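Here the structure comes first, spelled out in structure tokens, and everything after it is commentary.
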Amino acid sequence: MSDGRSCQALTGTSPVGAGQVRPRRLPVAFFARDSTVVAPELLGKRFVVGRCHGRITEVEAYTQDDPASHAFRGPTPRNDVMFGPPGRLYVYFTYGMHHCVNIVTGRRGDGQAVLLRGVKPLAGLEAMRARRGPVPDARLADGPGKLAQAFGLDLADNGRLAVVYDDGIEVDVPPPGPRVGITKAADWPRRWLVRQPTV
DNA sequence: GGAACGATCTGC
DNA sequence: CAGATCGTTCCC
């Protein structure tokens, strides 16, 4: 920890911490805002679970007044974490076979979250490949279910603290577009993707 | 107690 | 474009 080598790994051409400034972990306060504000700001940030790191490339915002949100009808055993403190992972199981990963936003009691829909793998590629099987690296985590599988996240991780770093990378934040994979309020412009797929 | 429906992915 | 596959939620 205190030797020079661990610092070296965070500088230079390494994909981890490739920005100009020292990587800074996003504080809980970052997430204690409306999901429609937090979501676009998460683009270009680095999502970390153990050794697996990924540059966030696609997100969707869900608020409590959103008919498409799990929080729309109030707290339930499944969505309870959404109403808890910000900065936690809200993981749910769907379609009988997939997990999806959110980060809770807003104040305690709000019922908001940002769905992580895609990241570009930066580190821990071996673990991701092992979990995802024979697919191109670019396809390891370019979808909500794939992202959860690549990072090894499931219901056991529901409510855990989210680990996200700001590497100081400049991201051209695009205007939001309609959401996908839902039937209710799909046209609400609450989906953000980085312009160039290779952030 | 039962039925309908997914914030999806993959292969045909 | 349909099938996989099962937990959650809602209705009776």
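Note on naming: letters A, B, ... go to the chains in the order of the sequence lines (proteins, then strands), and numbering restarts at 1 for each one. Note that the coordinates shown come from a computational prediction; the quantities given were computed from them, not determined experimentally.
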N/O to N/O distances under 3.5 Å, protein versus nucleotides 10-12 of chain C:
none

>> Please enumerate all residues that pass ring pair (Phe, Tyr, Trp, His ring centres under 6.0 Å) together with A:Tyr165, with sequence neighbours excluded.
In response: none
> Taking only residues two or more places apart in sequence, or in another chain, which ones meet A:Phe151 in a ring pair (Phe, Tyr, Trp, His ring centres under 6.0 Å)?
Replying inline: A:Phe47
> Using Watson-Crick and G-U wobble pairs with both distances under 3.5 Å, what is the 5'-to-3' dot-bracket string of DNA chain B, with [ ] for crossing pairs and | for pairs outside the strand?
Replying inline: ||||||.||||.
> Mind checking what makes ring pair (Phe, Tyr, Trp, His ring centres under 6.0 Å) contact with A:Phe93, not counting sequence neighbours?
Replying inline: A:His99
> Looking at DNA chain C, which of residues 132-161 of chain A put a heavy atom within less than 4.0 Å of it?
Replying inline: none
>> Using the side chain to side chain contact (heavy atoms under 4.5 Å, CB included) criterion, which residues pair with A:Val135? Sequence neighbours excluded.
In response: A:Arg132, A:Arg139, A:Leu140
> If you walk 5' to 3' along DNA chain B, what is the first nucleotide with an atom under 4.0 Å of a heavy atom in chain A, and what is the last?
Replying inline: B:dG6 to B:dT10
> What residues form a side chain to side chain contact (heavy atoms under 4.5 Å, CB included) with A:Val38, not counting sequence neighbours?
Replying inline: A:Phe30, A:Phe31, A:Arg33, A:Leu42, A:Thr105, A:Val114
> Is there any ring-ring contact (aromatic ring centres under 6.0 Å, His included) pair reaching into residues 103-127 of chain A, and which pairs are they, with sequence neighbours excluded?
Replying inline: none
>> Within residues 94-104 of chain A, which residues have any heavy atom lying less than 4.0 Å from an atom of DNA chain B?
In response: A:Tyr95, A:Gly96, A:His98, A:Cys100, A:Asn102
>> Filter on ring-ring contact (aromatic ring centres under 6.0 Å, His included), then keep only pairs touching residues 107-126 of chain A, sequence neighbours left out; what's left?
In response: none
